[in-house]
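So that we are looking at the same thing, I have put the structure below in structure tokens.
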Amino acid sequence: MTMSAARKPFPFREFEPKWQARWESEQTFRTPGPGDAGFNPAKPKFYVLDMFPYPSGTGLHVGHPEGYTATDIIGRYKRMTGHNVLHPMGYDSFGLPAEQYAIKTGQHPAITTAANIDNFRRQLKSLGFAYDWNREIATTDPEYVRWTQWIFLQLYHAYFCEEKNQARPVADLEASGWTREQIDNVRLAYVADTPVWWSPDLGTVLANEEVEEWKAKGHTVERRPLRQWMLRITKYAQRLIDELDTLDWPEGIKLLQKNWIGRSEGASVRFEISNCNLQIEVFTTRPDTLFGATYMVLAPEHPYVPEITTPAQQSAVAAYQKAIASKSDMDRGDLNKDKSGVFTGAFAVNPVNHEQIPIWIADYVMMGYGTGAIMAVPAHDERDFEFAQRFDLPITQVVSSNTDGPPVPLLLEAFSDPGIAINSGFLDGLPTAQSKDRMIAWLEANKLGIRRIQYKLRDWLFSRQRYWGEPFPIIWKDDRHQAIPESELPLLAPPLEDYKPSGTPEPILNKAKEWIHLPDGFLRETNTMPQWAGSCWYYLRYCDPRNTARFLSEEAEAYWASSSAHAKSSPGMVDLYVGGTEHAVLHLLYARFWHKVLFDLGHVTTPEPFQKLVNQGLILGEDGQKMSKSRGNVVNPDDVVSEYGADALRLYEMFMGPLEQVKPWQMKGVEGVSRFLARVWRVAFEEHENQWRISKKIQDVACTDKGLLRVVHETIQKVGADIEKLSFNTAISQMMICTNAFTQAEVVPLREFIQLLAVLNPFAPHITEEIHERVAEVFKHPAVLLSETTWPAHDPLALVRHEIELVVQINGKLRDRLMIAKDADEETAKAAALNSPKVREHTDGKTLHKIIFIPGKLLNIVAS
RNA sequence: GCCGCCGUGGCGGAAUGGUAGACGCCACGGACUUAAAAUCCGUUGAAGGGCAACCUUCGUGGGGGUUCGAGUCCCCCCGGCGGCACCA
């Protein structure tokens with residue numbers, strides 16, 4: 001026998017493809033929904049979702065099967081426990097790489113995308129996932145694009161009604177006499193001239209959220225004012241924060257979203273400018289420090305800067321503005337220790353004490369947040385303090401850290417904690433919280449300011465200048481936009497010969513002259529949507545993927561959004577969503593936003609898309625480093641499948657450690673689980689002249705071995721409980737224990753062995769089906785699929801123990817273990833313990849102070 | 001700087017406040033074999049003691065604390081990973 005033959009202890013190469021083919025031909029995992037043949041509305045639904053992959057040219061990496069196996073195990077388990085399980089797969093197939101490949105080769109992105117999808121599908125199928133492949137979708141499918149564009153039009157035709165705190169159709173506004181312009185100013189999808197991040201070498205603008213990612217890949221980005229499509233996500237900021245509380249998500253992810261949305265409470269305050277009719281509004285979270293505002297700073301790009309700058313300061317201001325404009329934002333961020341700025345020569349009036357305060361410009365104030373202007377309170381803000389020190393501006397303390405007694409002077413650093421107001425007129429003596437309220441009340445009474453809540457979140461820059469994305473279903477005439485009729489959807493981009501970026505911010509579709517020009521002087525919008533568009537709603541389409549009349553039917557939506565058996569009323573549609581943390585603030589925020597708009601407009605019945613979210617941990621290379629081509633530590637799942645089989649790969653990825661944890665790959669570990677599967681195989685079969693034949697130990701008899709029976713039932717119980725907890729590694733170790741018990745048993749009772757196969761089936765579906773089939777044949781059992789059997793019930797009687805091991809501690813230290821009756825009372829346990837020589841050794845001559853008795857478990861004697 | 005996550009054998013990891021190290025890997029020993037591989041059976045936290053079954057002490061990043069009892073709870077510190085980063 002050769003070494004390589006010895007390494008293949010069970011014939012997975014034959015049976016894995018065989019079972020995959022059979023599941024496919026028998027449609028084992030077809031999921032009937034409302035309207036489908038075989039749909040049973042009485043069954044509770046369970047919707048378990050993977051983050052669908054971008055079908056890159058390099059295929060799956062081992063990170064993909066980690067989450068996919070986890071959801072597959074849960075999906076299969078839920079099927080076996082009587083649920084109608086929706087567990088679909090698809091492809092997020094728009095995106096830059098296909099287009100960049102097209103630039104290199106001239107091949108249309110649709111061709112490379114289709115080839116990549118075929119490869120992904122092959123790889124996914126080789127892992128035996130129980131997807132309903134009839135529901136497969138790709139975001140680039142014309143029928144999918146149609147409904148992505150349709151949803152965009154819902155946004156376009158809606159505005160955010162502040163009174164109702166929800167989206168409403170703009171038709172309501174038309175009915176109440178709003179003008180075209182007024183309506184265009186409130187649409188959820190709108191056009192704005194705004195400074196955006198534009199990348200000359202990518203030939204597109206990027207969302208704020210994307211900039212860092214592309215810069216890390218070596219692309220350049222610069223700030224440009226451009227006319228772009230925006231989505232008014234900021235209107236949902238508060239709901240996006242508040243409704244996180246209703247979701248079963250990791251706290252860390254909730255926090256990331258909250259911080260990203262960045263709510264702060266404070267006031268907006270108006271400052272008059274001396275010798276000029278302008279007023280400047282600032283936002284502050286510390287209105288209580290207004291008496292300490294000794295200067296003001298505007299962002300260098302602030303529109304008032306040219307108007308207020310005095311002639312003497314003009315050249316200095318212009319030079320500074322120019323220097324800032326040429327700085328990339330990275331430089332601007334890096335320089336945050338060294339404050340820079342220029343005096344404009346102008347003065348503002350502090351509204352509360354009427355002092356003249358100088359107005360500066362500085363790059364530590366951002367145009368994009370608040371009003372692009374601040375009141376500087378150097379005594380109580382670190383940045384203002386630094387700036388004031390650098391430019392010798394006055395510092396006035398207005399908050400004392402000393403809550404009783406005389407104010408503590410400060411000199412060396414800003415004091416930004418809450419304290420007691422001082423030097424602040426009518427605020428003196430008030431603690432910060434009250435002092436804020438008092439100041440806001442004063443500002444409002446004097447019409448100088450107003451209470452305000454400010455968010456960091458900006459509206460979502462939704463247009464790109466790329467080719468491989470959904471075109472906007474919008475046409476233009478006379479600088480006015482309008483929607484194309486729904487009957488014209490999907491609107492597909494025309495083929496191009498040249499996909500190269502032009503080096504200008506012009507959309508690439510501008511090259512398609514014939515496509516752009518429409519009768520009557522209409523022109524098509526030539527921007528395209530970002531890749532996020534497709535991933536914002538794919539979980540909805542899976543529910544009814546072939547519907548040509550609606551993005552999903554009301555019936556399908558109602559059923560798949562209904563609360564599942566164990567979540568009584570869940571605001572989220574998907575019961576379990578598994579994917580990486582990298583989408584914490586992008587996809588997961590965008591999808592929630594779209595879902596809420598669709599909810600407001602009555603198209604879906606839940607306010608949230610994803611009820612429970614789990615982030616799988618990154619799989620590192622064997623060297624403990626992030627897998628990367630350059631490090632040469634990448635593991636290809638195809639290689640693992642061909643060497644050890646799909647079941648071994650699945651099982652290994654689940655056995656590595658907790659799903660959510662970051663963990664390194666170890667090829668030896670794959671061998672370990674492969675050995676485990678071989679042990680299960682050899683419980684059933686023994687090798688005889690190069691053939692596997694049924695083991696004589698397997699007998700169709702009642703299990704008389706109480707110990708074995710107990711292990712089997714413990715395993716049934718623990719594996720089920722562990723799957724519910726997503727604790728797959730511990731479930732597997734229990735099945736190893738059970739298998740070891742079978743290996744050592746004289747007789748393997750058939751019924752119990754099949755129970756082990758059943759609980760192992762969701763983890764290792766191929767080998768368990770194969771063993772089950774072969775064994776069933778020998779014992780003339782009906783040839784049913786294990787995947788279609790029900791989850792075995794554990795027998796509580798089999799778990800009963802009559803005697804337990806009582807742990808005896810003295811002063812918390814383990815001193816003895818005694819076998820006593822399971823339900824022995826304290827007196828009996830105490831007598832037994834005090835009778836033990838080992839215990840006596842430590843208690844003799846000592847006084848017993850106390851006995852702690854945990855029935856069935858432990859006795860602790862406190863003695864000295 | 002701020003926020004979050006995490007520190008347990010040689011390694012991956014297990015442990016409702018109650019026997020630390022389950023299960024697996026590695027290593028070592030034995031059986032089978034002409035031999036090796038595979039397989040099966042065992043040993044395997046550290047230090048010390050005993051002919052032996054075993055026994056003792058130490059031990060979950062470090063230091064304090066709460067508790068009859070702490071890997072687990074609280075406070076402080078150190079180290080690693082991830083996110084945000086002049087957000088007024």
Side-chain angles (χ1 to χ4, degrees), chain A residues 1-9 212 250-256 258-260 262-264 266 282-286 289 297 332-337 339 362-366 368-377 381-384 386-387 454-458 581-582 584-585 615 617-618 620 624 626 652 655-658 660-673 675-676 678-679 682 686-687 727 729-737 740 743-744 805-817 838 841 849-852 854 857-863:
Chain A
M1 202 185 279
T2 67
M3 189 153 148
S4 69
R7 289 205 96 126
K8 273 140 221 152
E212 279 313 311
E251 286 306 315
I253 299 293
K254 288 189 185 182
L255 215 68
L256 279 176
K258 277 188 195 159
N259 292 343
W260 187 267
R263 177 194 156 103
S264 27
V282 303
F283 172 72
T284 175
T285 55
R286 294 294 301 274
T289 62
V297 186
R332 203 161 151 173
D334 274 351
L335 290 176
N336 64 31
K337 284 178 202 96
K339 291 275 183 296
D363 67 348
Y364 83 93
V365 174
M366 311 284 132
Y369 182 74
T371 59
I374 62 157
M375 62 179 221
V377 185
D381 181 282
E382 261 178 65
R383 298 150 301 178
D384 297 343
E386 260 178 62
F387 192 82
Q454 182 70 40
Y455 300 92
K456 277 203 292 189
L457 185 72
R458 315 289 158 79
T581 340
E582 67 272 19
V585 284
N615 289 122
L618 200 64
L620 304 174
K626 216 169 177 172
Y652 172 62
F655 189 58
M656 292 173 84
E660 304 185 47
Q661 193 167 301
V662 178
K663 43 210 178 282
W665 185 272
Q666 294 188 128
M667 222 32 139
K668 284 285 185 191
V670 186
E671 281 181 37
V673 294
R675 267 203 288 267
F676 159 63
R679 281 163 78 88
R682 280 194 309 271
E686 47 198 23
E687 205 175 359
S727 180
N729 53 334
T730 53
I732 293 167
S733 81
Q734 181 63 37
M735 291 187 283
M736 288 173 167
I737 291 169
N740 291 344
T743 301
Q744 291 182 348
E805 193 183 71
L806 181 78
V807 170
V808 183
Q809 296 180 335
I810 294 158
N811 296 332
K813 279 197 172 146
L814 173 75
R815 292 302 175 188
D816 201 3
R817 299 165 230 246
K838 286 181 189 168
E841 219 176 288
H849 300 289
K850 197 172 173 184
I851 304 255
I852 288 104
I854 313 291
K857 200 136 203 193
L858 172 140
L859 186 88
N860 188 16
I861 300 166
V862 186

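Note that the coordinates shown come from a computational prediction; the quantities given were computed from them, not determined experimentally. Naming: A, B, ... by sequence-line order, numbering from 1 per chain.
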- Looking across every strand, which nucleic acid part, if any, lies under 4.0 Å from Arg263(A) by heavy atom: base, sugar-phosphate, or nothing?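 Touches nothing.
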
- Message: Categorize Leu256(A) for me: base, sugar-phosphate, or nothing, with a 4.0 angstrom heavy-atom threshold over every strand shown.
- Response: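 Sugar-phosphate: the residue Leu256(A), judged by heavy atoms under 4.0 Å, touches backbone atoms but no base.
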
- Partner nucleotide, any strand, of rG17(B) [Watson-Crick/G-U, under 3.5 Å]: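 Its partner is none (no Watson-Crick or G-U wobble pair with both distances under 3.5 Å).
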
- Which atom of Arg286(A) lies closest to which atom of Met375(A), heavy atoms considered: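 In terms of heavy atoms, the two residues are closest at O-CE, 3.8 Å.
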
- Item | rG69(B): pairing nucleotide in any strand, Watson-Crick or G-U under 3.5 angstrom |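 Its partner is none (no Watson-Crick or G-U wobble pair with both distances under 3.5 Å).
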
- Message: Check the orientation of Phe387(A) and Tyr364(A). Use parallel for under 30°, tilted for 30 to 60°, and perpendicular for over 60°.
- Response: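 Correct class here is tilted.
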
- Query: Looking across every strand, which nucleic acid part, if any, lies under 4.0 Å from Val662(A) by heavy atom: base, sugar-phosphate, or nothing?
  - Reply: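 If one applies the 4.0 Å heavy-atom cut-off, Val662(A) turns out to touch the sugar-phosphate alone, with no base involved.
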
- Query: Got a sec: does the NZ of Lys626(A) have more than 12 other heavy atoms crowding it under 6.0 Å?
  - Reply: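 No, NZ of Lys626(A) has 12 or fewer neighbouring heavy atoms, counting only those of other groups under 6.0 Å.
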
- Query: Under the rule syn = chi within 90° of 0, otherwise anti, which is rG9(B)?
  - Reply: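 rG9(B): syn glycosidic orientation.
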
- Message: Whether the side chain of Lys838(A) and the base of rC55(B) hold a donor-acceptor pair under 3.5 Å is what I'd like checked.
- Response: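 Checked by distance alone, the answer is no.
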
- Message: Work out how far the C1' atom of rU72(B) is from that of rG61(B), and round it to whole angstrom.
- Response: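 About 16 Å, rounded to a whole number of Å.
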
- rG9(B) versus rA14(B) - spacing of their P atoms, nearest Å: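 So the two P atoms sit 13 Å from each other.
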
- Message: Quick check on rC58(B): is either OP1 or OP2 less than 4.0 Å from any side-chain nitrogen or oxygen of Lys813(A)?
- Response: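 For Lys813(A), the contact criterion (side-chain N or O under 4.0 Å from OP1 or OP2 of rC58(B)) is met.
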
- Message: Using a 4.0 Å heavy-atom cut-off, does Ser264(A) contact any base of the nucleic acid, only the sugar-phosphate backbone, or nothing at all?
- Response: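 Result for Ser264(A) = sugar-phosphate.
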
- Query: Choosing from rG12(B), rC3(B), rC26(B), which nucleotide comes nearest the side chain of Arg675(A)?
  - Reply: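 The answer is rC26(B).
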
- Message: Only pairs with both distances under 3.5 Å count, Watson-Crick or wobble alike; so what is the partner of rC86(B) in this structure?
- Response: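 Paired with no nucleotide.
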
- Atom C1', compared across rC58(B) and rG71(B): separation rounded to whole Å: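 Nearest-Å result for rC58(B) against rG71(B) at atom C1': 16 Å.
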
- Main-chain N/O of Gly368(A) paired with Arg458(A) side-chain donor or acceptor, under 3.5 Å: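 Checked: pair present.
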
- Message: Determine whether a donor-acceptor pair (N or O, by modelled atom type, separation under 3.5 Å) exists between the side chain of Lys668(A) and the backbone of Gln666(A).
- Response: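 Side chain of Lys668(A) to backbone of Gln666(A): no pair is present.
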
- Query: Is there a Watson-Crick or G-U wobble partner for rU43(B) with both distances under 3.5 Å, and which nucleotide is it?
  - Reply: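 WC or wobble partner is rA27(B).
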
- What nucleic acid atoms does Pro658(A) come within less than 4.0 Å of, heavy atoms only: base, sugar-phosphate, or nothing?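 Sugar-phosphate contact only.
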
- Have a look at Leu255(A) and say if it touches a base, only the backbone sugar-phosphate, or nothing, with a 4.0 Å heavy-atom cut-off.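 Sugar-phosphate contact only - Leu255(A) comes under 4.0 Å of backbone atoms but never of a base.
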
- The side chain of Phe655(A) lies closest to which of these nucleotides: rU56(B), rG24(B), rA88(B)?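 In terms of side-chain proximity for Phe655(A), the closest of rU56(B), rG24(B), rA88(B) is rG24(B).
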
- Just call it for Asn729(A): base, sugar-phosphate, or nothing, with non-hydrogen atoms closer than 4.0 Å on any strand.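 Sugar-phosphate: the residue Asn729(A), judged by heavy atoms under 4.0 Å, touches backbone atoms but no base.
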
- Query: Are any of Gln661(A)'s side-chain N or O atoms less than 4.0 Å away from OP1 or OP2 of rC6(B)?
  - Reply: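 No.
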
- Message: How close do Met736(A) and Val673(A) get, counting heavy atoms only, and between which atoms?
- Response: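 Looking at all heavy atoms of both residues, the shortest contact is CE-CG1, 4.2 Å.
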
- Please tell me which of the listed nucleotides, rC41(B), rA88(B), rC23(B), lies nearest to the side chain of Met736(A)?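 For the Met736(A) side chain, the nearest candidate turns out to be rC23(B).
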
- Query: Base, sugar-phosphate, or nothing: which does Gly262(A) touch, judged by heavy atoms less than 4.0 Å apart?
  - Reply: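 Nothing: the residue Gly262(A), judged by heavy atoms under 4.0 Å, touches no strand.
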
- Message: Judged by each residue's nearest nucleotide on RNA chain B, which is more toward the 5′ side, Lys663(A) or Arg286(A)?
- Response: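 Per heavy-atom nearest nucleotide, the more 5' residue is Lys663(A).
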
- Item | Sugar-phosphate only, base, or nothing, as touched by Val862(A) at under 4.0 Å among non-hydrogen atoms |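 Sugar-phosphate, no base atom in range.
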
- Query: If you check the Met366(A) side chain, which of rC86(B), rG18(B), rG12(B) turns out closest?
  - Reply: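 Nearest to the side chain of Met366(A) among the choices is rC86(B).
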
- Pick base, sugar-phosphate or nothing for Ile737(A), based on heavy-atom distances below 4.0 Å to the nucleic acid.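 Since only primed, P, OP1 and OP2 atoms lie under 4.0 Å of Ile737(A), the category is sugar-phosphate.
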
- Task: Start with the C-alpha gap between Thr743(A) and Arg682(A), add the side-chain angles, then the distance that decides, and say whether side chain to side chain contact (heavy atoms under 4.5 Å, CB included) holds.
- Result: CA-CA 8 Å; Thr743(A) 301; Arg682(A) 280 194 309 271; over 6 Å; no

- Message: Between Lys668(A) and rC26(B), is there a contact of a side-chain N or O with OP1 or OP2 at under 4.0 Å?
- Response: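 Lys668(A) to rC26(B) OP1/OP2: side-chain N or O found under 4.0 Å.
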
- Can you tell me the pairing partner of rA35(B) across any strand shown, Watson-Crick or G-U wobble, with both distances under 3.5 angstrom?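 For rA35(B), the partner nucleotide comes out as none, under the 3.5 Å rule.
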
- Task: Please determine if a side-chain N or O atom of Arg682(A) lies less than 4.0 Å away from the OP1 or OP2 oxygen of rA38(B).
- Result: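 No, outside the criterion.
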
- Quick one: which of rU16(B), rC40(B), rC68(B) gets closest to the side chain of Asn860(A)?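 Between rU16(B), rC40(B), rC68(B), the one nearest the side chain of Asn860(A) would be rC68(B).
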
- Pick base, sugar-phosphate or nothing for Asn740(A), based on heavy-atom distances below 4.0 Å to the nucleic acid.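 Touches sugar-phosphate only.
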
- Task: Pick the C1' atom in rU8(B) and in rG83(B), then give their distance to the nearest Å.
- Result: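 Pairwise C1' distance, rU8(B) against rG83(B), rounds to 27 Å.
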
- Message: Please give the distance between the P atoms of rG12(B) and rC76(B) as a whole number of Å.
- Response: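 It comes out at 29 Å once rounded to the nearest Å.
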
- Message: Between rC32(B) and rA37(B), how far apart are the two C1' atoms, rounded to whole Å?
- Response: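 These two C1' atoms come out 12 Å apart once rounded.
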
- Message: I'd like the P distance from rC23(B) over to rU43(B), given in whole Å.
- Response: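 To the nearest whole Å, 11 Å.
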
- Looking across every strand, which nucleic acid part, if any, lies under 4.0 Å from Glu382(A) by heavy atom: base, sugar-phosphate, or nothing?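 No contact at all - Glu382(A) keeps every heavy atom at 4.0 Å or more from the nucleic acid.
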
- Message: Taking Lys254(A) first and then Glu251(A), would you say they form a salt bridge - that is, a charged N and a carboxylate O separated by under 4.0 Å?
- Response: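 A salt bridge is present here (some side-chain N lies under 4.0 Å from a carboxylate O).
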
- Between rC26(B) and rG45(B) - C1' atom distance, rounded Å: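 Straight-line distance between the two C1' atoms is 15 Å.
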
